[in-house]
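Only a predicted model underlies this, so the values are computations on that prediction, with no experimental measurement involved.
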Amino acid sequence: MFSRYQVAQRLVCVTRVTTALTIVVVGGGFATHTASAESRVETQREQWTALHDGPQDYADVHIDWDVPIRMSDGVVLKANVYRPVDAAGTVAERPLPTIVNLTPYTKLLSNLVDSAMAVPGLQPLALDLLNRVNLSGTPFSGFEDLLHALDGGTVPTMLGIDRSLIRSGYTLVVADVRGTGFSQGTWDTLGAREQLDTREVIDWAATQPWSNGKVGMSGGSYAGINQLRAAENAPPALKAIFPVEPGSDLMRDVVAPGGGIGATFLPLWLSNVNQLKLIPDMRSMLDGTFDWRWFRDRVADPSTNYDLLIQALITPSLADVPPTLAAALDRDSDFRKGILGHPDRITVPTFVYGGWHDIFANSATTLFNAIPLAANEKRLVVGDTYHANPGAGTGVPGGPPRLEVLQRVWFDKWLKNIDHGIGDFGPVTVWEQGGGWVTLDEFPQPDTTHRRVYLTATPSGTADSGYDGSLSATKPDEQRTLTVTPGLTTVCSRDTAQGAAGMTAVLDMCAKDSRIAERNALTFTSAPVGAQTIISGPMNLHLNAVHDATDGYWAATVNDVAPDGTSTVLSTGQLTASMRAVDEAKSTRSANGDYTAPHNPITLDSLRPVVPGEPVVLDIAVIPVQAVLQPGHRLRVDVFAGNSPKAVAFRPLLNNTELKPQYLRLDPAEPSFVNLPTSRPLE
C-alpha cells in the first residue's frame, strides 16, 4: 500500500518521463527558454508546487518548547523541536531526516509568525487579499513588489519553519544563537565559538531518537550565513543546505564596502537583535523555572557591537582609533575572520537564493562560483529583490517555483534520496533586469566580453544632472575636469532602498527612477542600443580623480535608461579614496587586462594617502549583474561624491574629506572608463 506521498512521487516521475525536456543553448552557453523548455519549467513549477501544497504523510505538527542543548563549554542553547503528528494525534516515532535552523532573532518571534500562518484559513485569506492588490502604474508599485514576497515563500524559508515540509516527514530544530533569544551566553557574532555551536547543534540533532542521522539546514539572512559556515567544515551528519540571502564576505557586502559604513542597515539590524534578545521567557517566570544564567549574561552584554558602530561613526581621527575599531580594520583579527566566509571550502550540496538589490548582492553569484562542488550539487536563483522581499516573482507563470517548494525538492533529493527532477532545474536561474527570468549554464553568461566604455564630456542631451556627459567606445579627444559635490539627493535613490533592506522601495520615484538622485551627480549616457544587449558579470569603474582635501568618497551606479527618460539602477559600487589599495591576489581581470572585480583590503595598514591637487586612480568594484538593454534603451553611469544615508566613510576618513568638492578628470592619456561585460559593443 503506497502512502499519498509515494503516489505523488510516482506521478511526478511518470510525467517527467513522458514530457519532452530540452534546453537550446545559444550564443556560447546561454540557455534560453524555447517553447519546450518553457513547458518544462511550467511543468516543474506545477508538479513541485502540488507536491508541496498537497496532502502529506502526516496531519499535524507537535512542538517541544525550549529544549536545552548544552554546548561543550557548558552554555545552554534553547531550541524548539517540531515533529510531525499522524491523523490519530500520535507524534512520529520513526527516525526522520532533521532540518536545523539557528537564528539570532529569537525563535519566539519565528513561532509567533508561524502560529499566525497556521491558523486555518488565514494564509489563503491573506494571499487572496494580496492578489487583489494592484498598484501597477501607480507611484507606489514598489509596495506591491514587497508584498509579493508573501506568496513567494519568504516567510517559511527565511524563518526556517515550513509546516508542510515537516508534515511530509521531517523534524525541525529551531535554536536561538548563543546570547540571543532564550539561549544563555553572550552573542559572539559569527565568531569561532558561535560556529562551533552550530556544529554541536547539528551533532546533537543527528543523535536524537527522532533523527535518522541526516541533517539539512534552512533559514535566511543570518541563518543563511550560519549554514554556509557550517558547510565549510561540515559535520558528517550535514547533508545539504538551503541558504536564502546569505552573505559571505560581510565586510565588502554590508559592514563597510569600499570603506563606506552601512549607516542605514547596521543600526537597524543591531537594534533589532539587541532588543529582541532582552525579551525574557515569560512562561519560565510564571512556573518558577526562570533561567538566571540567561539574566546574568544579558546584564553583562546588553548591546553587542553597538560600541563598534558608534566608534566607526564618531572617532575623529586615525590617531584616536580605539582597539575595537582597529580590530575591525585588521584583516587578521577575530572580528574580520568571523565575518569572512570561505565558500571554496563548502563540501555539502548547496542551494543559494539571492537578490540583485539585496544587502548581500555582492556575495550571491561570487560565493556560488566559489563553491567547489559538482554541477548537480549546487544551484543558484537570483531575483529582482531586496533583503525584505526574497522570493517575490517566484511561483508565477514564467518564473521558478516558490522558495519553499524548491527547498522541499532539494531536501528530498539529498536527505531522502527522492529525486523529483531537481537535476533538470537551473543550474543558474536569474531575473534578467530589463527582461525576465532566464536559465544559464553558468554565471557570468559566457558569450559576453568585457570592453572599455569611456566617460567623455560630450553632452548626451538626456540627463538633468550635475553634468551630462556621454559613454563612448572611444577615448575623449580632449582633457576636461568635472566637479561633483557631496549632497543629499541620494536620500531618494535605489541605494538607500537597498541599504534599508527594501523598506523605502515603496516610492517608485526613488527606487525605480534615479532622476532625482542624479541632479547632484555626474552622468554619462550611451547612445541608444539598436539590438538587445546583455550585461552579465562584475564591472569595474576606473576613475582618474583629484581632491581638494586629503581624502574623498565616491559612489557610482550603472543604470538602464528607457526612451521616456526613466533611469533604473542595475548595480552599484562605492569607494573611499584612501581605501583604494587593491589586493591583486584576490582581484580578477578580464582578457583586456583591466580589473573586473578589484578587491580592496579595507584595513588600516593598506591606507594610501591622498595629496590634495594630485590625481589618483580609483578602481570601484560594481556588484555583478545580469541585465538586458532593450532596443532604444541607453546605458548610464552615475558618479556621486557621497552615498548618504546608505553609507558614509569611516568618521576619521570622512573628516579628512572635509566634504569638499571632488574632481573627475577625463583625460585621453589617463582615461576614466567602465569595464563592461556585454554581448555586443555599445553603439
Side-chain angles (χ1 to χ4, degrees), residues 449-485 514-515 517-531 533 535 539-547 552 554-563 565 567-575 577 580 590 592-596 598 614-622 625 627 629 632-641 661-683:
T449 301
H450 275 87
R451 302 175 173 90
R452 283 190 181 188
V453 182
Y454 295 97
L455 281 55
T456 77
T458 304
S460 74
T462 64
D464 178 15
S465 59
Y467 186 88
D468 170 32
S470 294
L471 292 177
S472 173
T474 59
K475 297 178 183 180
D477 54 12
E478 62 179 356
Q479 185 182 106
R480 286 285 301 274
T481 298
L482 307 180
T483 303
V484 59
T485 58
S514 288
R515 282 180 287 186
E518 287 171 351
R519 291 175 184 172
N520 196 46
L522 307 177
T523 60
F524 302 90
T525 312
S526 73
V529 298
T533 303
I535 305 171
M539 295 166 277
N540 175 53
L541 181 60
H542 180 90
L543 299 182
N544 186 352
V546 179
H547 305 85
W554 298 81
T557 61
V558 175
N559 303 7
D560 177 352
V561 182
S567 180
T568 304
V569 170
L570 304 174
S571 192
T572 181
Q574 58 190 25
L575 181 64
R580 67 187 182 280
S590 53
N592 63 9
D594 295 327
Y595 287 118
T596 57
E614 292 188 7
V616 295
V617 171
L618 308 174
D619 286 291
I620 302 177
V622 178
V625 71
L629 298 178
H633 285 233
R634 304 167 185 259
L635 189 73
R636 176 175 292 164
V637 172
D638 292 340
V639 179
F640 301 89
Q662 300 173 183
Y663 307 98
L664 179 62
R665 287 166 55 97
L666 306 178
D667 187 341
E670 295 289 343
S672 296
F673 60 86
V674 58
N675 193 21
L676 192 70
T678 59
S679 58
R680 57 193 300 274
L682 292 186
E683 299 174 0

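When side chains are defined from C-beta on, Leu541 counts as touching Val639, because their heavy atoms get closer than 4.5 Å.
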Anything under 3.5 Å between a donor and an acceptor, one on a side chain of residues 476-484, the other on a protein residue two or more places apart or in another chain? List them.
| from | atom 1 | to | atom 2 | distance (Å) |
| --- | --- | --- | --- | --- |
| Gln479 | NE2 | Asp667 | OD2 | 3.0 |

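Checked by atom type, the side-chain pair Asn675/His450 shows no donor-acceptor distance below 3.5 Å.
For residues 452-473, the pairs satisfying salt bridge (Lys or Arg N to Asp or Glu O under 4.0 Å) are Arg452-Asp594, with sequence neighbours left out. Residue pairs satisfying the salt bridge (Lys or Arg N to Asp or Glu O under 4.0 Å) criterion with at least one member in residues 453-462, sequence neighbours excluded, are absent.
For Val616, the side chain to side chain contact (heavy atoms under 4.5 Å, CB included) partners at least two apart in sequence or on another chain are Ala545, His547, Arg580, Leu618. The ring-ring contact (aromatic ring centres under 6.0 Å, His included) test applied to His542 returns Phe673, not counting sequence neighbours. Qualifying side chain to side chain donor-acceptor pair (under 3.5 Å) partners for Arg636, counting only residues two or more places apart in sequence or in other chains: Thr462, Glu518, Thr525. Applying the side chain to side chain donor-acceptor pair (under 3.5 Å) criterion to Arg519, with sequence neighbours excluded, gives no partner residue. The side chain to side chain donor-acceptor pair (under 3.5 Å) search around Thr474 returns Ser472, not counting sequence neighbours. With sequence neighbours excluded, the residues satisfying side chain to side chain donor-acceptor pair (under 3.5 Å) with Gln574 are Tyr553, Asn643. Scored by the side chain to side chain contact (heavy atoms under 4.5 Å, CB included) test, Thr568 finds Arg494, Thr566 as partners (sequence neighbours excluded). Judged as a side chain to side chain contact (heavy atoms under 4.5 Å, CB included), and not counting sequence neighbours, the contacts of Ser470 are Thr456, Thr458, Ser460.
Judged purely by atom type and a 3.5 angstrom limit, Thr533 uses its side chain to pair as donor or acceptor with the backbone of Ala531. No donor-acceptor pair under 3.5 Å is formed between the side chain of Asn520 and the backbone N or O of Phe640. Listed for the Arg451 side chain is no donor-acceptor partner under 3.5 Å among the backbone atoms of Leu676. A donor-acceptor distance shorter than 3.5 angstrom exists from the side chain of Tyr467 to the backbone of Ala457, with no hydrogens or angles considered.
Taking every heavy atom of both residues into account, Leu664 and Ser672 meet most closely at CD1-OG, 3.6 Å. Closest heavy-atom contact between Leu455 and Leu471: CD1-CD2, 3.8 Å.
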